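Below is one structure; the comments refer to it alone.
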Number of protein chains: 2
Amino acid sequence: MAVSRTARKGVALDATSADTKTRILDAAELLFMEHGFEATSLRQLTAAAGVNLAAVNYHFGSKEELFQAVLTRRLDPMNQERIERLERIERDAAGKPLSCEKVLFAMLIPALRLARDERRGGKNFLRLLGRAYADPAPFIRSFLSAQYAQMIARYKEAFLQALPHLSRQELTWRLHFVMGALSYTLAGTDALKLFAQVGAADNDELLLQRLAPFLVAGLKAPPMGDTRKLELVSGD
Amino acid sequence: MAVSRTARKGVALDATSADTKTRILDAAELLFMEHGFEATSLRQLTAAAGVNLAAVNYHFGSKEELFQAVLTRRLDPMNQERIERLERIERDAAGKPLSCEKVLFAMLIPALRLARDERRGGKNFLRLLGRAYADPAPFIRSFLSAQYAQMIARYKEAFLQALPHLSRQELTWRLHFVMGALSYTLAGTDALKLFAQVGAADNDELLLQRLAPFLVAGLKAPPMGDTRKLELVSGD
DNA sequence: GCCCGATTCAAACGCCCGTTTGAATTGCAT
DNA sequence: ATGCAATTCAAACGGGCGTTTGAATCGGGC
């Protein structure tokens with residue numbers, strides 16, 4: 001009824017509704033990851049959560065808003081932790097020279113910590129996030145942009161400082177490559193099978209030990225032009 | 001009727017049916033990219049292609065088989081070109097030492113050439129492919145695995161030769177990172193907006209000039225352990 | 001000129017979707 | 001105990017989905 005629509009922004013209604021809300025969020029996180037947003041129906045979702053079909057619209061308003069809530073629940077704390085870590089290493093290095101490694105790690109570690117924290121969604125969520133990056137739905141794209149804009153801007157400045165040999169534009173591209181490798185890897189527990197056995201990311205610390213040297217070397221590389229020109233047109 | 005099901009494997013029925021089939025494939029490539037597989041309905045797809053609704057099932061059997069046909073049309077030639085280029089540089093370097101750059105370029109250039117070839121789908125297709133990588137649908141995953149297995153295996157051997165300092169497992173991970181950065185970048189004409197203006201990949205040769213130094217440096221980097229250990233647990 | 005397989009077409013099939021409704025139920029403040 | 005807002009529930013709404021059907025149309029070989 002009319003009440004339900006405004007009820008969501010009522011006074012703190014934790015213990016009573018949080019249970020249903022949380023069960024919906026948990027089931028949604030799992031199913032959206034398993035089958036994607038479009039392919040997950042509210043009927044199977046609410047059944048998995050053990051709640052009534054109408055509960056999603058009552059508590060979240062719509063399926064799209066539920067999806068955003070699923071992302072927000074994990075992204076907000078993670079990105080906040082990223083910013084806090086960056087601020088701390090900036091503060092610690094009262095002098096100027098920020099090392100590329102430290103900035104990169106400040107960015108990677110919160111993601112890895114989230115992946116490791118099974119109580120809070122763990123790998124499920126990062127896989128979901130990795131796929132959301134590639135989703136063309138406008139409501140997902142604009143939502144993610146808003147969620148990340150602030151953090152990305154901060155890190156871009158920090159990297160610019162740590163990698164003075166890169167122009168702003170060159171750095172923008174490289175951060176893009178970094179995010180690509182990261183999201184693809186985190187999203188890929190399935191995709192890994194494309195390449196080989198690979199003992200799976202059972203150990204996330206190990207994954208960071210593999211990913212970090214690759215990304216640091218890529219970031220530090222001199223831009224093309226310092227090395228020989230390439231003749232890519234060839235071939236025919 | 002019963003005929004239609006077997007007709008697809010009849011004798012070469014080019015000029016007559018190819019027109020309808022091609023129009024379906026072109027429209028599908030565009031719409032699957034724009035809205036994703038699930039969110040694209042056969043009704044809007046056949047309307048965009050200017051063909052009858054039933055034409056998809058008649059010519060391709062099902063929506064899923066249409067999707068596979070869309071991928072195959074571009075992937076088969078691209079991966080074959082990748083293998084041919086690898087074989088050529090292996091042949092040219094009659095001696096042993098294959099350079100990492102050359103192997104990587106043999107892998108990247110066919111993708112870039114496809115992206116540049118607007119007559120054959122161009123960027124549309126690579127964006128579609130990038131998203132297919134991240135799609136969890138089993139029929140997509142197994143299809144892509146089959147399409148890529150052979151090519152990936154060949155390149156893994158070549159890289160193993162060009163990068164003798166990497167163990168097989170380390171290399172598997174790094175190829176994964178490479179594919180992540182590549183697919184994310186190719187898929188991302190939208191996603192780029194996440195980070196900044198970035199003049200868009202209007203010039204694909206320029207993109208390769210930015211991507212290549214990053215990836216080469218990442219591939220050549222010594223594995224962790226050669227550099228200092230990291231203390232990632234910290235933070236609390 | 002006709003025939004027959006290949007193709008196109010309009011219509012329908014059964015199914016599941018996201019959302020809404022209004023009545024039951026709950027549980028806390030009074 | 002009662003009242004009332006917050007929540008849950010079963011049921012239904014309208015609509016779009018992928019697919020199937022059988023008739024209409026096409027077009028080259030005899």
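Letters A, B, ... are given to chains in the order of the sequence lines, protein chains preceding strands, and every chain is numbered from 1. Keep in mind it's a predicted model, so treat the numbers as computed, not measured.
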If pairs are Watson-Crick or G-U with both distances under 3.5 Å, what is the dot-bracket string of DNA chain D, marking crossing pairs with [ ] and pairs to another strand with |? ||||||||||||||||||||||||||||..
Length of the [atom1]-[atom2] vector between [X] and [N], whole Å:
X	N	atom1	atom2	value
A:Phe37	C:dC17	CZ	P	13 Å
A:Asn57	D:dA10	CG	C1'	15 Å
B:Leu45	D:dG18	CG	C1'	12 Å
B:Tyr58	C:dA10	OH	P	17 Å
A:Leu42	D:dC9	CG	P	16 Å
A:Phe60	D:dA6	CZ	C1'	16 Å
A:Glu38	C:dG18	CD	C1'	12 Å
A:Ile24	D:dC9	CD1	P	11 Å

Parallel, tilted or perpendicular: ring planes of B:Tyr133 versus A:Tyr184, cut at 30 and 60 degrees: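 Aromatic pair B:Tyr133/A:Tyr184 classed perpendicular.
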Once the angle between the rings of A:Phe67 and A:Phe139 is folded into 0 to 90°, is it parallel (under 30°), tilted (30 to 60°) or perpendicular (over 60°)?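 Because their plane-to-plane angle is over 60°, the rings of A:Phe67 and A:Phe139 count as perpendicular.
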Under-4.0 Å side-chain N/O to phosphate OP1/OP2 contact, A:His59 with D:dT8: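 Yes, A:His59 has a side-chain N/O under 4.0 Å of OP1/OP2 on D:dT8.
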Counting only side-chain N and O atoms of B:Asn52, is one of them less than 4.0 Å from OP1 or OP2 of C:dA10?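 Yes.
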Selection from [options] that lies nearest to any side-chain heavy atom of [X]:
X	options	answer
B:Thr20	C:dT19, C:dT8, D:dT19	C:dT8
A:Ser41	C:dA12, C:dG18, C:dT19	C:dG18
B:Ala54	D:dG18, D:dT21, C:dT19	D:dT21

Check A:Leu25, A:Val56, A:Val51 against A:Thr20 for a side chain to side chain contact (heavy atoms under 4.5 Å, CB included) and give me the one that passes.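 Result: among A:Leu25, A:Val56, A:Val51, A:Val51 is the only option passing the side chain to side chain contact (heavy atoms under 4.5 Å, CB included) with A:Thr20.
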Counting any heavy atom closer than 4.0 Å, what does A:Ala55 reach on the DNA or RNA strands: base, sugar-phosphate only, or nothing?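 Touches nothing.
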Which part of the nucleic acid does A:Thr40 contact within heavy-atom distance under 4.0 Å: base, sugar-phosphate only, or nothing?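 Result for A:Thr40 = sugar-phosphate.
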Ion pair present between A:Arg88 and A:Glu84, side-chain N to carboxylate O less than 4.0 angstrom?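 The answer is no: the pair does not qualify as a salt bridge.
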A:Arg82 side chain to A:Pro77 backbone, donor-acceptor under 3.5 Å: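 Absent.
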Does A:Arg43 get its side chain close enough to the base of C:dG18, under 3.5 Å, for a donor-acceptor pair?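 Donor-acceptor pair under 3.5 Å: yes.
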Answer yes if the ring centres of B:Tyr155 and B:Tyr148 are under 6.0 angstrom apart, and no otherwise.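 Not under 6.0 Å, so no.
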To the nearest 0.5 Å, what is the distance between CZ (A:Arg74) and CG (A:Leu114)?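 Going from CZ on A:Arg74 over to CG on A:Leu114, the span is 7.0 Å.
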